Amino acid sequence: QVQLVESGGGLARTGGSVTVSCAASSRSFTDFAMGWFRQAPGKEREFVAAVSRGGRIRAYGESVKGRFTISRDNAKNTVYLQMSSLKPEDTAVYYCAAAQGPIETIKRGNSDYWGQGTQVTVSS
């Protein structure tokens, strides 16, 4: 069993930046591709970003390309999502996800584990 705990959400202004983190309890963190999804009220869950087990391969959703950066620190069992040039439409609960497999597993939403989510609100 792997526990994922997100932190770092909060309130930001349009054009600002926020970084959210996800700490994993697993001793074999490098067995997992990691990613982020988000869900806004009344909307479906949306893929945001994913990173491969070794950190070399990254993928982003179209709406965040060029603005968000995913990274991981395997020594700290932590994955990060740096969000910049924020827009009000980025307001959502952001969920961390982990999958034992390639990065495509994350992108398809077939993750093995999910965090509880952290709220990010962008004011206009």
Side-chain angles (χ1 to χ4, degrees):
Q1 188 74 12
V2 176
Q3 289 187 328
L4 303 174
V5 179
E6 301 97 336
S7 61
L11 183 63
R13 293 185 176 181
T14 296
S17 300
V18 168
T19 296
V20 291
S21 304
C22 172
S25 65
S26 175
R27 293 181 179 180
S28 54
F29 184 65
T30 53
D31 286 349
F32 294 90
M34 300 295 296
W36 292 92
F37 284 76
R38 68 186 183 186
Q39 188 166 22
K43 295 188 176 181
E44 294 186 353
R45 186 179 64 189
E46 177 188 13
F47 168 71
V48 175
V51 60
S52 62
R53 288 169 287 186
R56 291 185 177 182
I57 303 171
R58 304 177 187 183
Y60 296 94
E62 287 298 322
S63 62
V64 306
K65 278 183 180 178
R67 300 189 299 120
F68 290 12
T69 301
I70 188 171
S71 61
R72 65 188 294 164
D73 185 336
N74 287 341
K76 295 183 178 180
N77 283 14
T78 301
V79 62
Y80 306 94
L81 184 68
Q82 297 173 279
M83 300 181 281
S84 60
S85 301
L86 285 165
K87 305 174 182 179
E89 51 264 43
D90 293 320
T91 295
V93 177
Y94 284 74
Y95 296 93
C96 179
Q100 283 188 301
I103 196 172
E104 287 73 20
T105 307
I106 294 278
K107 294 172 67 177
R108 289 195 298 266
N110 295 334
S111 296
D112 299 298
Y113 302 100
W114 295 86
Q116 293 299 308
T118 186
Q119 176 72 45
V120 174
T121 302
V122 183
S123 62
S124 57

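Keep in mind the model is a prediction, meaning the values are calculated, not measured. Below, all heavy atoms of this structure are taken into account, side chains as well, without hydrogens, waters or symmetry copies.
Glu6 places a side-chain N or O within 3.5 Å of a backbone atom of Gln116 that can act as its donor or acceptor partner. In terms of modelled atom types and a separation under 3.5 Å, the side chain of Asp112 and the main chain of Gln100 share a donor-acceptor contact. No side-chain donor-acceptor contact under 3.5 Å links Thr121 to the backbone of Leu11. Looking only at distances, no side-chain donor or acceptor of Tyr94 sits under 3.5 Å from a matching main-chain atom of Val48.
Tracing side-chain contacts under 4.5 Å through hydrophobic residues (I, L, V, M, F, W, Y), one never reaches Ile103 starting from Tyr95; they form parts of separate clusters. Taken together through direct or relayed side-chain contacts under 4.5 Å among Ile, Leu, Val, Met, Phe, Trp and Tyr, Tyr113 and Val20 form part of one hydrophobic cluster.
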task: Check the pair Thr105 / Ser111 against side-chain contact (heavy atoms from CB on, under 4.5 Å), numbers first and verdict last.
output: CA-CA 6 Å; Thr105 307; Ser111 296; 5.9 Å; no
- prompt: Could you walk me through whether Val2 and Phe32 pass the side-chain contact (heavy atoms from CB on, under 4.5 Å) check?
  reply: CA-CA 10 Å; Val2 176; Phe32 294 90; 3.7 Å; yes
- prompt: Can Thr19 and Met83 be said to form a side-chain contact (heavy atoms from CB on, under 4.5 Å), step by step?
  reply: CA-CA 6 Å; Thr19 296; Met83 300 181 281; over 6 Å; no
query: Stepwise, does the salt bridge (charged side-chain N to carboxylate O under 4.0 Å, His left out) test hold for Lys107 with Glu104?
result: CA-CA 5 Å; Lys107 294 172 67 177; Glu104 287 73 20; 5.5 Å; no
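Here Leu81 contributes atom CG and Cys96 contributes atom SG; the two are 9.5 Å apart, rounded to the nearest 0.5 Å. Residue Ser52 holds its OG atom at 10.5 Å from CD1 of Ile106, rounded to the nearest 0.5 Å. A distance of 10.5 Å separates CZ in Arg72 from CZ in Arg58, rounded to the nearest 0.5 Å. With rounding to the nearest 0.5 angstrom, the CG atom of Asn74 is 9.5 Å from the CE atom of Met34. Atoms CZ and OG, on Phe68 and Ser84 in that order, are 7.5 Å from each other to the nearest 0.5 Å.
Across all non-hydrogen atoms, the minimal contact from Tyr60 to Ala49 is CD2-CB, 3.6 Å. Summarising the geometry of Ser124 relative to Pro88, their closest heavy-atom pair is CB-CG, 3.9 Å, with the distance given to 0.1 Å.
Under the rule for a salt bridge (charged side-chain N to carboxylate O under 4.0 Å, His left out), Glu44 has no partner lying at least two apart in sequence or in another chain. Annotation: salt bridge (charged side-chain N to carboxylate O under 4.0 Å, His left out) contacts of Arg13 (sequence neighbours excluded): none.
A centroid separation of less than 6.0 Å is found between the aromatic rings of Phe37 and Trp114.
Side-chain contact between Leu86 and Val18 is present, with heavy atoms from C-beta onward closer than 4.5 Å. For the pair Ser71 and Val79, the minimum side-chain heavy-atom distance is 4.5 Å or more. In this structure, Thr69 and Tyr80 have side chains that are not in contact, with every pair of non-hydrogen atoms separated by 4.5 Å or more.
Side-chain polar atoms of Glu89 and Thr91 form no donor-acceptor pair below 3.5 angstrom. A donor atom on one side chain and an acceptor atom on the other are found under 3.5 Å apart for Ser63 and Arg38.
No cation-pi contact links Arg53 to Phe29, judged by a cut-off of 6.0 Å to the six-membered ring centre and 45° from its axis.
Within 6.0 Å of CD on Gln3 lie no more than 12 heavy atoms contributed by other residues, nucleotides or ligands.
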